[in-house]
Amino acid sequence: MKKIVVTLSLVMLLTSCVSKKQYAALEAKNKETQDLLNSCTVKLNSCLEEKAGLAATAEALKGQNQHLINTSKDMTVLTAKGAENIEKALESIKEKDLKISRMQDALTKKDSVTLAVVTSLKSAVGISDPDIEINVEKGVVFISIADKLLFKSGSYDVTDKAKGVLAKVAKVVNDKPDFECMVEGHTDNVPYVGSGVLLDNWDLSVKRSTSIIRVLTTQLGVKPEQLIAAGRSSYIPLVANDSAENRARNRRTRIVVLPKIDQFYDMIEKEMKKQAK
């Protein structure tokens with residue numbers, strides 16, 4: 001462009017040496033060149049502005065691209081963590097399902113043993129005697145024996161007739177070494193009146209329980225570690241103590257046959273360990 005300006009200046013200096021025709025031609029040429037220069041300048045400025053805009057756009061796109069890359073990396077990390085969490089959750093569910101399955105198997109086994117105990121008791125003791133009741137509540141076997149079969153009124157000495165019934169119970173208990181038996185003494189609500197070591201119905205109910213336990217262990221071969229003595233006095237009646245007949249029903253000894261809790265859970269734990277191998 002500088003060369004063109006210099007040239008035009010020289011032409012203007014030489015106008016005095018050229019004809020008017022030549023001058024007009026040179027002037028026209030100069031105008032054409034100036035117009036072209038102006039047009040190029042406009043286009044140049046436009047290109048520069050466009051370049052600056054494109055550069056800004058490119059920089060913005062570069063920033064967006066980097067943000068997308070970072071976001072993509074974060075999403076990849078989150079996806080990996082999510083997959084890991086899902087895997088852990090599924091493993092936890094699987095483990096819980098295994099525990100539930102093992103528990104159900106153990107309960108089924110326990111229920112089968114309980115059913116066998118009930119069947120053995122009913123077969124050995126007999127179910128026709130109204131003074132002996134055998135039933136199952138929540139997986140626990142209960143044997144309820146009326147006191148008239150076991151003791152004389154106000155006494156805790158076990159009768160000879162009772163020993164025959166207890167011998168049948170002892171046979172079934174001895175066949176189930178993994179079970180325990182709680183011997184519960186129950187009285188009616190008539191206050192105990194007597195002398196000696198007994199003070200009230202609490203003492204009488206407990207003493208009757210320990211008397212039966214002594215017969216079971218010393219005469220009938222039941223292991224002492226399988227037996228638990230308990231006295232409930234008159235506080236767990238079967239019926240209201242409002243008649244002689246009802247009071248007779250409430251005077252009873254109840255033998256509760258139940259599995260040893262620690263052995264029951266040991267059985268579940270062993271089953272779970274077997275499954276985990």
Side-chain angles (χ1 to χ4, degrees), residues 106-151 156 158-159 161-189 201-202 204-217 219-241 243 245-265 267:
L107 288 172
T108 300
K109 183 176 181 180
K110 172 180 168 291
D111 290 341
S112 298
V113 173
T114 299
L115 179 60
V117 171
V118 173
T119 302
S120 299
L121 284 169
K122 287 186 176 181
S123 175
V125 178
I127 60 175
S128 59
D129 194 330
D131 295 319
I132 302 176
E133 295 181 3
I134 301 173
N135 53 59
V136 179
E137 295 178 13
K138 297 181 180 181
V140 178
V141 181
F142 296 93
I143 309 167
S144 185
I145 306 173
D147 270 6
K148 67 180 182 181
L149 293 180
L150 301 174
F151 309 101
Y156 54 83
V158 180
T159 65
K161 182 179 181 181
K163 293 175 183 178
V165 175
L166 294 176
K168 297 175 182 179
V169 175
K171 182 179 183 304
V172 176
V173 174
N174 287 334
D175 289 339
K176 304 296 178 185
D178 291 336
F179 278 66
E180 294 179 330
C181 292
M182 179 182 293
V183 181
E184 293 181 348
H186 294 260
T187 68
D188 58 27
N189 67 340
N201 283 339
W202 277 113
L204 179 60
S205 63
V206 173
K207 193 63 176 175
R208 285 180 170 178
S209 172
T210 55
S211 294
I212 290 175
I213 283 178
R214 287 192 181 90
V215 172
L216 290 172
T217 56
Q219 300 181 31
L220 301 174
V222 177
K223 296 178 182 178
E225 57 268 27
Q226 285 184 259
L227 301 175
I228 304 168
R232 308 303 298 269
S233 187
S234 61
Y235 298 104
I236 312 293
L238 293 175
V239 293
N241 286 290
S243 67
E245 182 180 354
N246 283 352
R247 285 192 292 272
R249 285 192 61 190
N250 289 331
R251 294 191 301 270
R252 67 198 187 280
T253 295
R254 190 171 74 159
I255 301 175
V256 185
V257 183
L258 64 163
K260 293 181 180 178
I261 299 299
D262 55 343
Q263 292 185 2
F264 176 61
Y265 283 110
M267 178 172 62

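FYI, side chains are in, hydrogens and waters are out, and symmetry mates aren't considered; it's all heavy atoms of this structure. For reference, positions follow the sequence shown, starting with 1. Remember, it's a predicted structure, so these values are computed and weren't measured experimentally.
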Sole candidate of Lys161, Arg208, Arg252, Arg251 that passes salt bridge (charged side-chain N to carboxylate O under 4.0 Å, His left out) when paired with Asp147
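Among the candidates, only Arg208 passes.
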
Atom NZ of residue position Lys148 - does it have more than 12 heavy atoms of other residues, nucleotides or ligands inside 6.0 Å?
no

I'd like to check [X] versus [Y] (side-chain heavy atoms, cut-off strictly below 4.5 Å). Are they in contact?
X      : Y      : answer
Phe151 : Thr253 : yes
Val158 : Leu166 : yes
Asn246 : Asn241 : no

Heavy-atom closest pair, residues [X] and [Y]:
X      : Y      : answer
Ser205 : His186 : CB-N, 4.3 Å
Cys181 : Val173 : SG-CG2, 3.5 Å
Leu149 : Thr159 : O-OG1, 3.2 Å
Gly231 : Val206 : CA-CG2, 3.6 Å
Glu225 : Glu180 : O-OE2, 4.1 Å
Asn189 : Arg247 : OD1-CD, 3.9 Å

Interatomic spacing from [atom1] in [X] to [atom2] in [Y] - rounded to 0.5 Å:
X      : Y      : atom1 : atom2 : value
Arg214 : Tyr156 : CZ    : OH    : 9.0 Å
Lys223 : Asn174 : NZ    : CG    : 8.5 Å
Arg232 : Ser209 : CZ    : OG    : 11.0 Å
Leu227 : Thr210 : CG    : OG1   : 11.5 Å
Ser233 : Asp188 : OG    : CG    : 9.5 Å
Ile132 : Lys168 : CD1   : NZ    : 7.0 Å

